[in-house]
Number of protein chains: 2
Amino acid sequence: MRNRSCVMRLLRYKNALLKLKALNFVRVFSDNLADAAGVTSAQVRKDFSIFGITGNRRGGYQVGDLIENLSHILGKDKDYEFIVVGVGNIGKALMRYDGFEKSGIKISAGFDIDPTKYDPGAAVAVYDLSKLNEYVVKNKIRFGIIAVPEFAAQQAFEVMINSGIKGVLNFTPARLKGPEDCIINNINLETELESIIYFVNVADKTGGK
Amino acid sequence: MRNRSCVMRLLRYKNALLKLKALNFVRVFSDNLADAAGVTSAQVRKDFSIFGITGNRRGGYQVGDLIENLSHILGKDKDYEFIVVGVGNIGKALMRYDGFEKSGIKISAGFDIDPTKYDPGAAVAVYDLSKLNEYVVKNKIRFGIIAVPEFAAQQAFEVMINSGIKGVLNFTPARLKGPEDCIINNINLETELESIIYFVNVADKTGGK
DNA sequence: AATAAAATGTGAAAAAAATCACAAAAAATA
DNA sequence: TATTTTTTGTGATTTTTTTCACATTTTATT
């Protein structure tokens with residue numbers, strides 16, 4: 001196993017390779033992947049080295065082989081289902097987003113405590129939060145997205161954990177507390193925007209004159 | 001200037017402090033901030049040390065002072081306006097999201113090439129992409145969010161750059177190419193979800209038995 | 001067949017980030 | 001007032017990550 005940023009790079013390589021394959025590319029060089037993933041070619045080769053992926057000196061890598069290798073390392077052999085807890089602006093957007101399908105990811109249901117959100121007949125059904133446990137157990141769901149308001153995040157998380165969910169993408173600023181064996185990725189939209197403001201302001205002060 | 005992850009930590013400290021202040025806390029220890037931000041207390045003190053923030057041995061830090069210090073370092077003295085390019089699921093969600101306001105961030109307009117999206121009278125007005133330049137120049141906007149489909153990302157980015165935008169949050173998997181002095185933050189929803197799947201699967205194989 | 005050119009693969013070096021660990025200061029207590 | 005306790009502040013150390021640089025392999029060329 002490797003750390004998060006290394007895995008994120010491998011995922012980016014793989015996604016770039018899938019695009020190259022769709023364009024009928026057969027060979028690819030570490031340089032190309034570096035460009036596509038926004039890193040250096042040495043980094044690409046080092047990553048491959050760590051995972052025992054080898055290419056052909058002077059000949060680069062075979063796109064097909066590389067995709068196979070990365071898919072094996074990244075271990076995504078099948079499609080996965082996610083549920084969304086919190087069917088507000090963000091939750092709804094994720095449920096309707098069609099970019100996940102090509103990555104083999106499906107959002108299969110949404111849950112909310114607000115009865116006006118229920119819609120069991122929708123393309124992606126929305127149920128009461130109290131139905132989450134039953135749904136998750138029955139459908140053996142292991143992954144979820146938290147898109148509730150911050151104050152409700154920890155509670156939503158606990159409902160998910162208790163139902164057997166093992167991996168969560170958290171869109172709230174809350175730092176969720178839970179068992180070690182649950183994987184949590186955080187996306188904090190506020191700090192993303194604030195950090196952009198910071199770096200632009202810094203650039204103004206230093207580079208701008 | 002410091003690197004991205006350090007700045008992200010400072011932003012998290014600040015947000016935690018704002019919550020403590022709202023609860024009328026006066027003193028805070030590095031331990032508390034560490035918990036709130038998901039790091040160690042040594043990390044907190046080190047960060048502060050780097051930026052010359054000092055507290056009081058044995059007494060911790062004054063919440064108010066700390067907020068003032070961090071605000072000064074992070075340089076966010078006023079509110080900032082963002083525009084959104086691409087008024088699809090994600091774009092719309094961001095335009096309606098009410099969590100930015102408390103951070104002093106306002107989404108002031110949206111732009112799209114699809115005429116059915118136009119809505120100059122909405123709470124957050126939506127205009128044709130061709131109006132972006134005029135709007136951005138007139139309102140001196142410096143920040144934008146890209147929420148278009150991947151194939152349109154680079155073009156949208158160039159329109160923004162040419163209008164004077166200096167900082168961008170990119171929700172597409174595309175690696176945008178542009179001038180050095182434009183700050184780009186990327187959020188790749190697909191790889192976020194895929195990395196969760198990876199780490200859960202790894203945990204299954206190692207810890208699960 | 002010999003030579004040149006191009007790209008990998010990887011130890012070694014450098015840089016960056018995180019942690020340690022403890023003296024120093026401040027507050028609390030006796 | 002002296003002693004103890006607690007928490008900061010930071011140089012030193014360790015760990016992690018990235019970059020360097022070049023021998024090695026493969027392909028192309030003469």
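Not measured: the values here are computed from a predicted model. Residue numbers start from 1 in every chain, and the chains themselves are labelled A, B, ... in the order their sequence lines are given, proteins ahead of strands.
One finds the CD1 atom of Ile165(B) at 11.0 Å from the CD1 atom of Ile196(A) (value rounded to the nearest 0.5 Å). Rounding to the nearest 0.5 angstrom, the gap separating the CG atom in Leu189(A) from the CG atom in Asn185(B) is 11.5 Å. To the nearest 0.5 Å, the span separating CD1 on Ile50(B) from CZ on Arg45(B) amounts to 13.0 Å. The distance from the CD1 atom of Ile184(B) to the CG atom of Leu176(B) is 5.0 Å, given to the nearest 0.5 Å.
With sequence neighbours excluded, no residue forms a side-chain hydrogen bond (donor to acceptor under 3.5 Å, both in side chains) with Arg58(A). For the side-chain hydrogen bond (donor to acceptor under 3.5 Å, both in side chains) test, residues two or more places apart in sequence or in another chain that qualify with Asn133(A) are Ser163(A). When the side-chain hydrogen bond (donor to acceptor under 3.5 Å, both in side chains) test is applied to Glu68(B), no partner is found at least two apart in sequence or on another chain.
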Between N or O atoms, less than 3.5 Å apart, protein on one side and nucleotides 12-14 of chain D on the other: list the pairs.
none

Atom pairs under 3.5 Å: protein N/O with N/O of nucleotides 27-30 of chain D:
from, atom 1, to, atom 2, distance (Å)
dT27(D), O2, Arg58(A), NH1, 3.1

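Here Tyr61(B) lies in heavy-atom contact (under 4.0 Å) with sugar-phosphate atoms only. Thr54(B) comes within 4.0 angstrom of the backbone, heavy atoms only, and of no base.
The list of salt bridge (charged side-chain N to carboxylate O under 4.0 Å, His left out) pairs with a residue in residues 159-182 of chain A, not counting sequence neighbours, reads Lys166(A)-Asp181(A).
Protein chain B touches strand DNA chain C; the 5'-most and 3'-most nucleotides with an atom under 4.0 angstrom of its non-hydrogen atoms are dA17(C) to dA28(C).
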Can you give each donor-acceptor pair under 3.5 Å made by side-chain atoms of residues 18-28 of chain A, sequence neighbours left out, with the distance rounded to 0.1 Å?
from, atom 1, to, atom 2, distance (Å)
Lys19(A), NZ, Glu150(B), OE1, 3.4
Lys19(A), NZ, Glu150(B), OE2, 2.6

Would you be so kind as to tabulate the donor-acceptor pairs closer than 3.5 Å made by side chains of residues 79-99 of chain B, with sequence neighbours excluded?
from, atom 1, to, atom 2, distance (Å)
Tyr80(B), OH, Asn201(A), ND2, 3.0
Glu81(B), OE1, Ser108(B), OG, 3.1
Asn89(B), ND2, Arg96(A), O, 3.3

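Contacts of residues 173-187 of chain A with DNA chain D (heavy atom under 4.0 Å): none. The stretch residues 37-45 of chain A touches DNA chain D through Thr40(A), Gln43(A), Arg45(A), each having a heavy atom under 4.0 angstrom from the strand. Near DNA chain C, meaning a heavy atom under 4.0 Å away, there are no residues from residues 65-72 of chain A.
Ile50(A) has its CD1 atom 13 Å from the C1' atom of dT19(D), to the nearest Å. For the pair Phe48(A) CZ and dT19(D) P, the interatomic distance rounds to 16 Å; values are reported in whole Å.
Using cut-offs of 30° and 60° on the angle between ring planes, the pair Phe48(A) and Tyr13(A) is perpendicular. Aromatic ring pairs are classed by plane angle as parallel below 30°, tilted from 30° to 60° and perpendicular above 60°; the pair Tyr127(B) and Phe111(B) is tilted.
Not one side-chain nitrogen or oxygen of Arg4(A) sits closer than 4.0 Å to the OP1 or OP2 atom of dT17(D).
Counting heavy atoms from C-beta outward, Leu10(A) and Phe51(A) have side chains that approach closer than 4.5 Å. Contact check for Gln62(A) versus Asn69(A): no side-chain heavy atoms found under the 4.5 Å cut-off. The closest side-chain heavy-atom distance from Leu11(B) to Lys14(B) is not below 4.5 Å.
Residues Ser41(A) and Asp31(A) approach most closely at CB-OD1, 3.4 Å, considering heavy atoms.
The residues Arg142(A) and Asp204(B) are annotated as salt-bridged, a charged nitrogen and a carboxylate oxygen being separated by less than 4.0 angstrom.
Around atom CD1 of Ile113(A), no more than 12 heavy atoms belonging to other residues, nucleotides or ligands sit under 6.0 Å away.
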